Amino acid sequence: MATHKKIKQQKILIVEDEHPIAKTLELKLSNSGYLVHWAENGKDALELLHKDSVDLILLDLVMPEMDGFAMLLELKKQKKVPPIIILTNLGQEDDAKKCMDLGACEYFIKAETPLVDIVDHVSRILS
């Protein structure tokens with residue numbers, strides 16, 4: 001009798017306050033085989049991360065309650081942090097440098113990056 005090993009589905013957390021962007025990303029990533037969680041701000045995202053681990057975080061910077069910079073600072077205090085990809089409309093080099101210094105591995109400007117490229121980067125990082 002053959003036993004089938006269940007492949008663990010990789011989990012991605014989208015932290016994004018703009019619903020259309022979050023929903024579109026969720027759909028694209030789900031269709032690519034990922035299990036997707038979504039939080040509207042850094043505070044909700046950190047609460048979710050206390051309950052469950054994820055394999056990758058897609059993080060917006062400008063959000064209500066707790067922005068992406070504050071969330072990066074909180075994550076930096078933790079021992080084990082998944083890869084973090086920044087997805088923002090902040091195009092300043094200073095912002096990108098600050099994010100990378102705080103532990104982000106990629107920085108994309110939403111308006112300039114097709115969603116398919118983001119999904120490709122996610123796949124590359126998680127493979």
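Sequence positions, counted from 1, serve as the residue numbers for this chain. These figures come from a predicted structure and were not determined experimentally.
Leu102 and Leu46 fall within the same hydrophobic cluster, defined by Ile, Leu, Val, Met, Phe, Trp and Tyr side-chain heavy atoms under 4.5 Å apart, directly or through other members. When hydrophobic clusters are built by joining Ile, Leu, Val, Met, Phe, Trp and Tyr residues whose side-chain heavy atoms come closer than 4.5 Å, directly or via intermediates, Leu25 is not grouped with Leu48. Note: the hydrophobic cluster containing Leu58 does not contain Leu35 (ILVMFWY, side chain heavy atoms under 4.5 Å, direct or indirect links). The hydrophobic cluster containing Ile85 does not contain Leu13, counting ILVMFWY residues as joined when their side-chain heavy atoms lie under 4.5 angstrom apart, directly or transitively.
Using a 4.5 Å heavy-atom threshold, the side chains of Val116 and Lys28 count as separate. Contact annotation: the side chain of Ile57 approaches that of Val15 to within less than 4.5 Å [non-hydrogen atoms, C-beta and beyond]. Two residues are said to be in side-chain contact when any heavy atoms from C-beta on lie closer than 4.5 Å; Ile84 and Leu72 meet this criterion. Residues Cys99 and Ile86 have side chains in contact (heavy-atom distance under 4.5 Å, counting atoms from C-beta outward). Here the side chains of Asn41 and Asp67 are not in contact, with every heavy-atom distance at 4.5 Å or above.
Atom CG of Leu27 is separated from atom CG of Leu115 by 10.0 Å, given to the nearest 0.5 angstrom. From Leu126, atom CG reaches atom OG of Ser32 across 11.0 Å, with rounding to the nearest 0.5 Å. Atom CE in Met71 sits 8.5 Å away from atom CE in Met66 (nearest 0.5 Å). Rounding to the nearest 0.5 Å gives a distance of 6.0 Å between CD of Glu65 and CG of Asp44. Taken to the nearest 0.5 Å, the CG atom of Leu75 stands 6.5 Å off from the CG atom of Leu49. Taking CG from Asp117 and CZ from Arg124, the interatomic distance works out to 8.5 Å, rounded to the nearest 0.5 Å.
Listed for the Glu18 side chain is no donor-acceptor partner under 3.5 Å among the backbone atoms of Pro20. Using a distance-only test at 3.5 Å, with no hydrogens or angles considered, a donor-acceptor pair links the side chain of Trp38 to the main chain of Glu16.
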Exercise. Taking it one step at a time, do Thr113 and His121 satisfy side-chain contact (heavy atoms from CB on, under 4.5 Å)?
Worked result: CA-CA 11 Å; Thr113 313; His121 267 75; over 6 Å; no

For this session: Might you work through the salt bridge (Lys or Arg N to Asp or Glu O under 4.0 Å) test for Glu74 and Lys43, ending with a clear yes or no?
Result: CA-CA 10 Å; Glu74 284 301 311; Lys43 184 177 157 285; over 6 Å; no

Problem set entry | Trace of the side-chain contact (heavy atoms from CB on, under 4.5 Å) decision for Ile118 with Leu87 | CA-CA 9 Å; Ile118 294 161; Leu87 270 183; 3.3 Å; yes

Problem set entry | Verdict with reasoning, Val62 to Asn89, per side-chain contact (heavy atoms from CB on, under 4.5 Å) | CA-CA 8 Å; Val62 181; Asn89 279 321; over 6 Å; no

For this session: Using the side-chain contact (heavy atoms from CB on, under 4.5 Å) rule, take Leu56 and Val122 through it: C-alpha gap first, then chi angles, then the decisive distance, then the call.
Result: CA-CA 8 Å; Leu56 185 133; Val122 166; 4.0 Å; yes

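Across all non-hydrogen atoms, the minimal contact from Glu40 to Met63 is O-SD, 3.8 Å. The two residues Gln9 and Gly33 have their closest heavy-atom pair at NE2-O, 3.1 Å. Nearest heavy atoms, Gly91 versus Ile109: CA-CD1, 3.6 Å. What you find for Gln78 and His50 is that their closest heavy atoms are NE2-CE1, 4.5 Å. In terms of heavy atoms, Asp55 sits closest to Gln10 at OD2-CA, 3.1 Å. Here the shortest heavy-atom pairing between Val36 and Ser30 reads CG2-OG, 3.7 Å.
Because its NZ or CZ atom is both nearer than 6.0 Å to the ring centre of Phe69 and within 45° of the ring axis, Lys98 counts as a cation-pi partner of that residue.
Heavy-atom neighbours of Lys11 NZ from other residues, nucleotides or ligands within 6.0 Å: above the threshold of 12.
Neither side chain, His37 nor Glu26, offers a donor N or O lying under 3.5 Å from an acceptor on the other. For the 3.5 Å distance criterion, the side chains of Thr88 and Tyr107 fail to qualify, holding no donor opposite an acceptor.
Using a 4.0 Å cut-off between charged nitrogen and carboxylate oxygen, Glu93 and Lys97 do not count as a salt-bridge pair.
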